[in-house]
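A note on names: the letters A, B, ... follow the listed sequences, proteins ahead of strands, and every chain is numbered from 1.
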Amino acid sequence: MAQRVFSGIQPTGTLHIGNYFGAIRNWASLQEDHDCIYCIVDYHAITTEIDPQVLRAASRSMALDLIACGIDPQRTILFTQSAVPEHAELAWILGCVTGYGDLARMIQFKDKSAGKKFISAGLFIYPVLQAADILLYRAAGVPVGEDQVQHLELSRRIARRFNARFGEFFPEPEPIVGKGARIMSLADPTIKMSKSAGEAHYIGVMEDERSIRGKIRSAVTDIGLEPGTTMSPGVANLFEVLDLSGELLGDQSIAAELCSEFQSGKLMYSHLKDAVFESLMQVLRPIGERRRELETSGIVEDILREGADKARVIARENITKVREMAGLVVG
RNA sequence: AGGCCCGUAGCUCAAUUGGCAGAGCAUCCGACUCCAAAUCGGAAGGUUGGGGGUUCAACUCCUCCUGGGCCUGCCA
């Protein structure tokens with residue numbers, strides 16, 4: 001049997017190209033030779049305040065985006081986290097073998113809670129739920145970005161502690177490091193692309209062309225460099241997008257050409273931006289089309305229901321074993 | 001369970017004795033620029049947490065609600 005892989009993404013409403021190149025594209029290719037379980041993590045989404053109607057719409061929308069981006073429900077289990085409440089139960093149990101100090105050390109918690117008026121206990125416990133997500137399926141591998149490495153390490157630690165206390169059950173999940181694409185914000189190339197930084201910082205996978213063109217045009221570059229100098233972060237980021245798009249399209253000649261222009265100091269950034277736009281749109285257009293077809297076909301609900309059914313079978317089996325081991329009532 | 005403090009633009013905060021709700025940063029548009037940045041010019045942004053009351057007039061005073069912070073107490 002193929003190695004089982006688990007990963008989750010928060011329902012943020014829409015994917016941006018950082019999500020796509022950094023994670024989802026890898027999710028899609030892992031389907032070739034792995035047994036994949038991908039989850040829209042709505043329990044995670046409520047760690048910070050979010051309107052219930054917005055959340056529900058965002059979860060559905062994320063499912064559409066993922067399928068449009070190549071997640072194949074025929075081969076892969078795709079579902080919404082809260083449809084399998086065993087995630088929450090396991091999180092509780094694992095929370096009891098997790099050190100307070102371990103959680104207090106999590107960088108993401110420190111970042112996300114800094115300056116917040118209300119910090120939920122859920123936000124603090126977030127990494128435990130994440131561990132539960134993975135361990136509930138006894139996944140062997142987890143595709144992660146750099147920023148999630150610390151959380152995965154905690155998951156391994158939690159698995160180890162559970163095993164030591166109750167008996168060997170959970171495999172320690174291994175990180176699967178993708179191509180390492182880390183797309184930066186257009187407006188501030190020193191930070192990772194994200195929606196929360198603001199409109200000008202990201203490009204939505206489903207965004208309309210005019211808007212994308214505008215954002216690429218106003219992307220930060222630099223004040224003009226001497227030939228042979230290393231690229232500024234903004235320019236390097238644009239090249240990254242161009243490279244990745246070219247790779248998917250099977251044509252990297254434009255990237256190579258512009259790169260040599262850069263080296264000789266002749267590159268016009270407006271040309272680079274035009275090229276980035278054209279290549280990127282070639283990647284995004286078919287995705288958008290697929291997404292529109294899916295939307296009208298109205299089969300997402302069925303896909304998610306079937307996915308949840310399949311996930312639940314595995315989850316129930318494992319949680320039953322965990323209950324047994326922990327001395328809890330087995331119903 | 002009791003006590004104290006707080007809530008004003010996306011963020012940080014102003015607003016005299018109760019007298020026209022403002023600034024900085026962020027945002028958006030324009031100029032400049034190969035494109036951006038920086039700079040300059042302009043614009044938008046508000047049920048002052050919510051309801052009720054006093055008053056000619058309430059961000060300001062009273063009252064209830066809600067949310068947040070802190071202190072004390074109790075406890076499966």
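As rounded to whole Å, 14 Å separates atom C1' of A26(B) from atom CD of E199(A). In this entry the distance linking CG of D222(A) with P of U33(B) reads 17 Å, nearest Å. C34(B) atom C1' lies 18 Å from atom CZ of F277(A), rounded to whole Å. Following rounding to the nearest Å, K266(A) (NZ) and C34(B) (P) show an atom-to-atom distance of 18 Å. Here A36(B) presents its C1' atom at 10 Å from CG of L238(A), a figure rounded to the nearest Å. Rounded to an integer number of Å, the gap from CE of M231(A) to C1' of A36(B) is 16 Å. The interatomic distance linking Y269(A) (OH) with A37(B) (P) rounds to 14 Å, in whole Å.
Among residues at least two apart or in separate chains, there is no salt bridge (charged side-chain N to carboxylate O under 4.0 Å, His left out) pair with a member in residues 249-260 of chain A. Judged as a salt bridge (charged side-chain N to carboxylate O under 4.0 Å, His left out), not a single pair has a partner in residues 127-140 of chain A (not counting sequence neighbours). Applying the salt bridge (charged side-chain N to carboxylate O under 4.0 Å, His left out) test to residues at least two apart or on different chains, the pairs with a partner in residues 185-195 of chain A are D147(A)-K192(A).
Here the separation of G24(B) from G41(B), taken at their P atoms, is 12 Å to the nearest Å. Remark: the separation of the P atoms in C32(B) and A44(B) is 23 Å, to the nearest Å. Here, G53(B) and A58(B) have their C1' atoms 11 Å apart, quoted to the whole Å. Taking the C1' atom of each, A36(B) and G45(B) are spaced 26 Å apart, rounded to whole Å. Across C59(B) and A14(B), the matching C1' atoms stand 11 Å from one another, rounded to whole Å. Going from the C1' atom of C70(B) to that of A26(B) covers 31 Å, rounded to whole Å. Taking atom P in both C61(B) and U8(B), the straight-line distance is 15 Å, to the nearest Å. Nucleotides G51(B) and U66(B) have their P atoms positioned 15 Å apart, rounded to a whole Å.
Of the residues near RNA chain B, T221(A) and H201(A), the one whose nearest nucleotide (by heavy atom distance) lies more toward the 5' end is H201(A). Between A187(A) and K273(A), the residue anchored closer to the 5' end of RNA chain B is A187(A), taking for each the nucleotide with the nearest heavy atom.
For Q74(A), there are no side chain to side chain donor-acceptor pair (under 3.5 Å) partners two or more places apart in sequence or in a different chain. Shown here are the side chain to side chain donor-acceptor pair (under 3.5 Å) partners of E301(A), two or more places apart in sequence or in another chain: R60(A). Under the ring-ring contact (aromatic ring centres under 6.0 Å, His included) criterion, Y126(A) pairs with H44(A), sequence neighbours left out.
Looking at S270(A), its side chain comes within 3.5 Å of the base of C34(B) through a donor and an acceptor atom.
Less than 6.0 angstrom separates the ring centroid of F124(A) from the ring centroid of Y100(A). A centroid separation of 6.0 Å or more is found between the aromatic rings of H151(A) and F109(A).
Here the straight-line distance linking atom CZ of R292(A) with atom OG of S297(A) works out to 13.5 Å at 0.5 Å rounding.
Counting only Watson-Crick and G-U wobble pairs whose two key distances fall under 3.5 Å, RNA chain B forms stems of three or more stacked pairs at B:1-7 with B:66-72, B:10-13 with B:22-25, B:27-31 with B:39-43, B:49-53 with B:61-65.
Applying a 4.0 Å cut-off to non-hydrogen atoms, the residues of residues 211-220 of chain A that approach RNA chain B are R217(A), S218(A), A219(A), V220(A), listed by residue number.
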Solution key, residues 270-277 of chain A side-chain donor-acceptor pairs under 3.5 Å, sequence neighbours excluded:
unit_1  : atom_1 : unit_2  : atom_2 : d
K273(A) : NZ     : R217(A) : O      : 2.8
K273(A) : NZ     : A219(A) : O      : 2.7

